[in-house]
Structures are given as C-alpha cells and as structure tokens.
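The structure appears below as structure tokens.
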Amino acid sequence: MTKPQIVWLRRDLRLTDQRAFVAAAEAGPVIPVYVLDDEVAKNHAYGGASRWYLHQSLEALERDLARHHSKLILRRGDAVEELCRLAEETGAETVHALRHYEPWWRKAQGALKDQLDLKLYDGNYLLPPGAVTTGSGDPYKIFTPFMKASLAVIDGFDILPEPSLSAPETWPSSESLAEWNLLPTKPDWAGGLREEWQAGTSVAMERFETFVDVVSNYDEDRNLPSIDGSSKMSPHLHFGEVSPAMLWDRMSRYTSEGARIYRSELLWRDYAQTVICQFPDYPVNSYRDGYDDGIWRNPNRGHVIAEELKAWQQGRTGYPIVDAGMRQLWHTGWMHNRVRMIAASFLIKHLLIDWREGERWFWDTLVDADYASNGVNWQWVSGTGVDSNMFVRIMAPLSQSKKFDAAAFIREWVPELAHLSDNEIHDPAGDQRGDYPAKIIGHKEARERALSAYREAKD
Ligand SMILES: Cc1cc2nc3c(=O)[nH]c(=O)nc-3n(C[C@H](O)[C@H](O)[C@H](O)COP(=O)(O)OP(=O)(O)OC[C@H]3O[C@@H](n4cnc5c(N)ncnc54)[C@H](O)[C@@H]3O)c2cc1C
C-alpha cells in the first residue's frame with residue numbers, strides 16, 4: 001500500500017490551484033491537516049475577527065473535502081510536534097505544504113524539514129518573493145519598481161483544477177472544530193460579520209463574478225467608500241480560499257483601465273511579502289530611526305492617550321469619515337481602503353499615537369488581518385517604512401471626505417448625522433451634531449502639533 005501523504009494547511013484553505021494537494025494526490029492517499037498553533041505567532045496569534053473567519057473557512061474546506069470523500073484532520077498544539085506525531089500515527093513520511101513567509105512559519109518549515117520529508121510549493125502569491133530583483137540582484141524595497149518588474153515577468157497562469165483525492169485506509173483521529181471555541185459566545189459580537197461574509201472558494205468566486213461586472217470602473221470607484229467599488233477579496237485571499245493567480249487569470253480577459261489597475265493592486269500583496277522577507281519584524285519595529293521614541297505621545301513619559309485611543313477605536317473622534325470607518329470595521333471586520341488610510345493617518349498624525357497601537361487594533365478586528373499587508377500599510381501611512389508617505393504629508397480628513405464623496409457612507413455608519421445634507425455631513429457645525437461628539441482636536445491644531453513633534457524628533 002502506498003504511504004499516505006500529509007497535506008499541511010495554513011493560509012491556503014482551498015482545493016483549486018493548490019499545488020500541495022495536487023502533488024500529494026499524485027503520490028498516494030491524502031491526509032489533509034490543519035494545526036491550530038496559538039503559541040507560535042506570539043503577539044500575532046489570530047485576533048478575534050480572524051478566529052471567527054478561520055472557523056467559517058475551515059468549515060467550508062471540510063464541505064469541499066467531503067465532496068471528494070475526504071476529511072480535514074484538526075489538531076491543536078505546536079505545529080511541528082503535531083505533524084511529526086501524525087506522521088508516526090499514520091506511517092506517512094512526506095508532508096506537502098504551500099510556502100508561507102511569516103517569520104514563525106519560516107522557522108517551523110525549517111524545523112519540520114529536519115524531521116520529515118517536507119515538500120514546499122509556491123502558490124499563495126503571484127510570484128514567490130525573490131523572483132524579481134533589482135539590477136544589482138537585491139530584493140526590491142520600493143513598490144513601483146517592484147510592480148513594474150513583476151508585470152514584466154508575469155505571463156499568465158495555469159490554474160490547477162481540484163485533484164481527485166483518495167482516502168487513507170484508516171483516518172487518524174481529529175478534534176472537533178466546535179471545541180476550538182473560535183466563535184465568540186459571551187457576548188456574541190459577530191452578527192455584523194455573519195451578515196457581511198461567507199467563507200469558501202465557491203462563494204468567493206461568486207462574489208468575484210459580481211465584481212468583474214463593474215471592474216471597468218475600478219480605477220475611480222475603488223476610492224469611493226459610498227459604493228461597492230472594490231472586490232472584497234481580502235479575507236478570501238488571506239486565508240487562501242482563492243489564489244491570487246485565480247483572480248489574475250479571470251481578470252486577464254479584460255483590457256479596461258480598471259482591470260489593469262486591479263491586477264497591479266494584487267501586487268501590493270506580493271510586495272508586502274517581499275518586505276517582511278527582508279525585515280521579518282517589520283509589523284513591530286519602525287524601519288526608519290528617529291521616530292520610535294521621539295514623535296509619539298508616550299504613556300511612559302506621562303502622556304495620557306488611553307481615552308483618545310478608545311475614542312478612535314469606538315468611532316467617537318468627532319470626525320465623521322474616521323468614525324464611519326472605525327464603526328464599519330467593528331461591525332463587519334473590514335474597512336474600505338481609502339478610509340483605512342484616513343483613519344490610520346488620523347491616529348498617527350492627529351492624535352500622535354504610535355502606529356503600532358493601530359496595527360494591533362486592526363490585527364484584532366480585521367477579518368483580513370495579514371502580518372505583512374497590515375504592517376506594510378501602517379508603516380506606509382506613518383512615514384516610518386521603507387517605501388512611505390512622508391510624515392509631513394498630513395491627510396486632511398474633512399477634505400478627503402468631500403473629495404471622495406463619503407456622504408452616503410457616513411449616513412450608513414454614523415446614523416446620528418443621517419439628517420444632514422451631503423454638503424454638511426462631512427464637517428457638521430456644533431449645533432448640528434446632537435449626540436454626535438465634538439471634534440477630539442481641531443484639524444489645524446493637530447497639524448501644527450504633528451509638524452512640531454516631527455521637527456523635534458528630527459533635531
Ligand atoms: C492601515 C492599513 C492597514 C491594512 N491592513 C491590511 C491587512 O491587514 N490585510 C489586507 O489584506 N490588506 C490590508 N490593507 C490594504 C487594503 O486596505 C485592503 O487589502 C483592501 O481594502 C481590501 O479590500 P478589497 O479586497 O476590496 O480590495 P481591492 O481593492 O479589491 O484589491 C484586491 C486585493 O489586492 C490586495 N491589495 C489591495 N491594496 C492593497 C494594499 N494597499 N496592501 C496590500 N494588499 C492590497 C488585497 O489582497 C485586496 O484584496 C491595509 C491598508 C491600510 C491603509
């Protein structure tokens with residue numbers, strides 16, 4: 001009897017275009033396993049919204065595997081130890097897995113390789129990190145040249161169909177998903193997430209089809225929070241229910257400017273991996289010196305930030321566009337990209353709170369929370385990153401709100417202001433606010449404070 005082949009699943013919860021499944025299926029009976037390892041990522045263990053999504057995603061994969069008369073084996077604990085134990089129980093010698101680049105997974109992949117025959121495959125990114133390099137052979141640090149170099153080598157993708165899977169003679173034991181308590185119960189805060197998201201490859205691709213119908217407007221509409229102008233593929237991509245190649249391939253049939261820009265946006269994900277491969281602690285440490293200690297209001301130096309941080313988290317800053325975004329995030333586990341930039345900039349520059357506080361909040365509340373993409377984007381906004389907006393370019397939330405036509409978006413998420421006209425709602429006068437809070441700080445005052453903190457930190 002051919003030895004069973006283990007497929008180790010992490011953020012690649014799909015059967016289509018999944019090289020580890022294809023290779024395992026060619027070699028013998030397949031045992032798919034997901035190990036919940038809550039220790040390995042330390043401060044970046046899955047946050048609340050991600051745990052909720054992971055539950056849905058694993059359930060969807062179980063359903064897909066059942067169509068192939070297969071099963072998902074669930075184990076908890078140290079991933080390397082659990083995989084070795086499973087190999088011993090089943091007589092498997094080979095583990096097939098897609099490559100992941102978070103520092104803890106790179107370490108685990110190295111450790112597992114010493115103990116079992118670990119076969120790693122690409123497939124969660126358009127190109128593996130390192131596939132394109134600068135003229136001097138170094139990995140790129142800046143997005144635009146990285147994107148251009150990547151576009152020059154991408155020549156379409158062959159999408160791998162679902163393989164047919166044969167089962168092992170006996171199935172090893174599995175824990176039950178319900179016992180993992182990934183879903184919140186007391187209180188159950190996930191109502192908004194349930195309304196917004198369904199997990200799994202087939203629902204993701206159905207959702208993508210509705211986006212394909214409007215992609216020709218993506219170049220403009222993606223910036224408008226009041227309309228559904230982006231694909232909302234981020235959690236599906238993060239958990240690997242779809243591969244970026246599947247989306248690229250579908251999109252490559254279109255020549256509109258919207259489709260072209262969509263493909264280049266997908267490369268931001270690849271770029272973020274390239275950055276964390278070079279700087280593994282990027283989501284924790286500022287890349288540029290001179291900010292870490294100097295610029296942020298620091299509780300260790302007597303600054304009181306707790307109330308303001310809470311107001312930002314709860315959507316009570318008195319800036320309608322920021323509050324609408326923060327409430328959208330809390331309710332649905334997702335926030336519009338333009339509004340993510342505005343809300344992040346507000347925390348960092350208007351409130352002078354360390355970007356890492358924002359990174360942590362997003363990590364806990366986003367269903368698409370991603371070690372690389374979150375860290376790279378926070379450092380981009382804060383001006384501390386390798387490729388960054390300059391700190392002194394301070395976003396004006398009120399004019400951003402007008403420019404990107406956010407009136408309907410604000411009405412949806414800040415109902416206290418719903419009675420105001422399109423013109424008034426971005427910056428309501430004092431007597432129009434009712435129960436809605438006053439501005440936590442004036443824009444001009446905040447701007448001057450941020451610029452002077454920057455000058456002091458630089459001196
Ligand atoms: C402060 C901040 C934090 C962020 N944190 C995350 C995060 O944790 N996880 C995450 O996936 N994205 C993050 N983003 C990037 C971006 O906001 C989301 O990818 C996007 O809003 C997801 O919605 P969508 O799928 O409709 O995007 P679309 O516009 O439809 O784009 C398609 C896909 O391209 C990728 N993409 C687009 N823009 C970016 C970008 N700037 N960086 C990385 N990938 C991008 C995403 O995978 C996205 O799903 C963050 C942005 C900011 C400003």
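Please read these numbers as outputs of a predicted model, since none were measured by experiment. Nothing fancy with the numbering, it's 1 onward along the sequence. All ligand and atom numbering here is 1-based and tracks the order in the structure.
- For ligand 1, the 4.0 Å heavy-atom shell takes in Y218, S230, S231, K232, M233, S234, L237, Y262, E265, L266, W268, R269, W334, M335, N337, R340, M341, A344, F362, L366, D368, A369, D370, S373, N374, N377, W378, ordered by chain and residue number.
- Separation of the W8 and Y34 ring centroids does not fall under the 6.0 Å cut-off.
- Sorted by first then second residue, the salt bridge (Lys or Arg N to Asp or Glu O under 4.0 Å) pairs that include residues 370-379, not counting sequence neighbours, are R11-D370.
- Note on ring orientation: taking the six-membered ring where Trp is involved, the planes of Y53 and W197 are perpendicular (angle over 60°, cut-offs 30° and 60°).
- Taking the charged nitrogens against the carboxylate oxygens, R263 and D249 have no contact shorter than 4.0 Å, which rules out a salt bridge.
- Here R250 pairs with E209 under the salt bridge (Lys or Arg N to Asp or Glu O under 4.0 Å) rule; sequence neighbours left out.
- Evaluation of the salt bridge (Lys or Arg N to Asp or Glu O under 4.0 Å) test over residues 332-343, restricted to residues two or more places apart or in two chains, returns R340-D368.
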